[in-house]
**Student:** 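One structure, as structure tokens, below. Some questions next.
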Number of protein chains: 2
Amino acid sequence: MAPASIGLSPPRCAMALSGQANYARPVTAHGTDRPLPLSVDRTSPVPLYFQLAQQLEAAVEQGRLAPGALLGNEIDLAARLGLSRPTVRQAIQSLVDKGLMVRRRGVGTQVVHSKVRRPLELSSLYDDLEAAGQRPATSVLRNTTEPATAEVAAALGVAEGSEVHLVERLRSAHGEPMALLRNHLPPGLLPLVTEELEATGLYRLMRASGVTLHSARQSVGARAADDRQARALAEPVGAPLLTMERTTYDDSGRAVEFGSHVYRAERYAFEFQLLVRA
Amino acid sequence: MAPASIGLSPPRCAMALSGQANYARPVTAHGTDRPLPLSVDRTSPVPLYFQLAQQLEAAVEQGRLAPGALLGNEIDLAARLGLSRPTVRQAIQSLVDKGLMVRRRGVGTQVVHSKVRRPLELSSLYDDLEAAGQRPATSVLRNTTEPATAEVAAALGVAEGSEVHLVERLRSAHGEPMALLRNHLPPGLLPLVTEELEATGLYRLMRASGVTLHSARQSVGARAADDRQARALAEPVGAPLLTMERTTYDDSGRAVEFGSHVYRAERYAFEFQLLVRA
DNA sequence: GTCAAGCGTTTGTCCTGACAAATGGCCCCC
DNA sequence: GGGGGCCATTTGTCAGGACAAACGCTTGAC
């Protein structure tokens, strides 16, 4: 309706990531004034805008493009690279969407003043604390089917009482238990082999089975450890735990997973970054 | 480097929102086959692509575009509206970015199969549980300056020991305490009037003072309530609390706020939605 | 000295046109 | 009847041009 109503601007978060990765990178390399070496390969199957975006992103990452530095106007940039302006704009826009750059009409495009640099190109939800060098270990506690409770049925969109898969895992890092993971999956979605579940993450298995993950709803809270949780996680009963419930959907809108997880508060925290969208 | 490396796809979250809003909307209105009434107003200052995007979004919202429904090809749509294809694409792309639609080459664009529909056009971080009908109340416990501790100094990018603002607030809803909010701000950013702080949220005040919020880093965890927290929140000592630490940056990369908050686990949870970006 | 108007610069929006690549269904052949 | 190849459809990518709107600086007036 109204042109620029925007009362409060809805934040858009660039990524949610795993536990306790705290990379305070200094990056004091300031901007040189020589024009950034940029080039595109027209024989490559990689889209031109994507090539450019990657190069710019790498330049920001390595400090060759200093925070606050102007990018130079799009027309010249396009001419220099032998590209059209829309292509250059598409490249820059993707970086703006990632929160790496800010555009200002009449001023130019500048690199966002660092510090915000995204924590990592983090990806899957937590089976990739592996990427943080945590060497995760998983032990499968249960891997069966059971009748869906009302809560699970509602989340997965199946009939209450119908059989669904249940996987319960204990995830450890450095030999210490970190989280207790309960997942319910609709029947017949993919074969759940205990050995595979102990070797890798659930999301990777799902993707490998051709499931196209699309979105997820999460709810993060806290609770006191009950008896069973305390035993599994080697915490005293009543210890504060971080809880996460998540329903994941695929492309077609099917719910493909309902997870109900608890983490040891001492050893885990969710870190993520929000962008305020224009 | 590689064209479509994408190992694991980094999720991108559409928004983070407030507490305990659970709107399970049925929306069983299925797709009619009559062509959606769409039109654009070329005399309006609102960009054409934005007009179109809004209309499509409204149609999805109201169920006039059923989940899974094909949108019809872009060429025809453009012709029907008297627009060019790039403009139509820009409109659709913005909805794809929001997670409302999925494009498939050779197939078309379809509305994502509901259920995922975003929880609300949520916005500010939590002073808008007001929007959830919670009628929040804030009481300011402290509003002073104090020397920055090492942690605060690092977060705000000021010298350790230099004076920074400190605001401590207790936020309640329905007369019950919900959260204890501690915020540190760099000196001179904006005047912090106790009366204003009790009447509205910190973010709104900052925006009203011309601060352009850009991004934030958050860390969410859990802990047991200490003495002081327990008293303020009317919980027993040792009760599980949900904790959140956040550093917020403006356009220029300046840190404009460092918050350290605790929430009653019984009364509060973070809900948000992640999108897996292509 | 201060404030306002003007101007160049840069991004925002929009158009037309074209070819490439992926998908899915149809048809033909075996 | 089943399988493979062809083809129409649809989105993905890219070019080149045009005008509008916003910003910042400079110039000019008071």
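Lettering follows sequence order; numbering is per chain, from 1.
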**Student:** Whether A/R89 contacts C/dG12 is assessed here as follows: a side-chain N or O lying under 4.0 Å from the phosphate OP1 or OP2. Is that the case?
**Tutor:** yes

**Student:** Side-chain contact test, heavy atoms from C-beta onward, threshold under 4.5 Å: evaluate it for A/L100 versus A/V111 and give yes or no.
**Tutor:** no

**Student:** May I ask you to evaluate whether B/Y49 reaches the phosphate of C/dC14, defined as a side-chain N or O under 4.0 Å from OP1 or OP2?
**Tutor:** no

**Student:** Whole Å only: how far is the CD atom of A/Q93 from the P atom of C/dC14?
**Tutor:** 14 Å

**Student:** To the nearest Å, give me how far apart CD (A/E74) and P (C/dG12) are.
**Tutor:** 6 Å

**Student:** How long is the line joining CD1 of B/I92 and C1' of D/dG12, in whole Å?
**Tutor:** 13 Å

**Student:** Tell me what B/P47 touches on the nucleic acid: a base, only sugar-phosphate, or nothing, going by heavy atoms under 4.0 Å.
**Tutor:** sugar-phosphate

**Student:** Both A/R42 and A/V107 contact DNA chain D. Taking the nearest nucleotide for each, which residue is further toward the 5' end?
**Tutor:** A/R42

**Student:** Looking at B/R103, I'd like to know whether one of its side-chain N or O atoms comes within less than 4.0 Å of OP1 or OP2 on D/dG12.
**Tutor:** yes

**Student:** A/N73 has an atom CG; how far is it from atom P of D/dC23, in whole Å?
**Tutor:** 18 Å

**Student:** Phosphate oxygens OP1/OP2 of D/dT13: is one of them under 4.0 Å from a side-chain N or O of A/T87?
**Tutor:** no

**Student:** In whole angstrom, what separates B/D97's CG from D/dG12's P?
**Tutor:** 11 Å

**Student:** Whole Å only: how far is the CZ atom of A/R105 from the P atom of D/dA21?
**Tutor:** 9 Å

**Student:** For D/dT11 and B/T109 - does any side-chain N or O of the residue sit under 4.0 Å from the phosphate oxygens OP1/OP2?
**Tutor:** yes

**Student:** Suppose we call a contact any N or O donor and acceptor under 3.5 Å apart; does that hold for the side chain of B/R85 and the base of D/dG12?
**Tutor:** yes

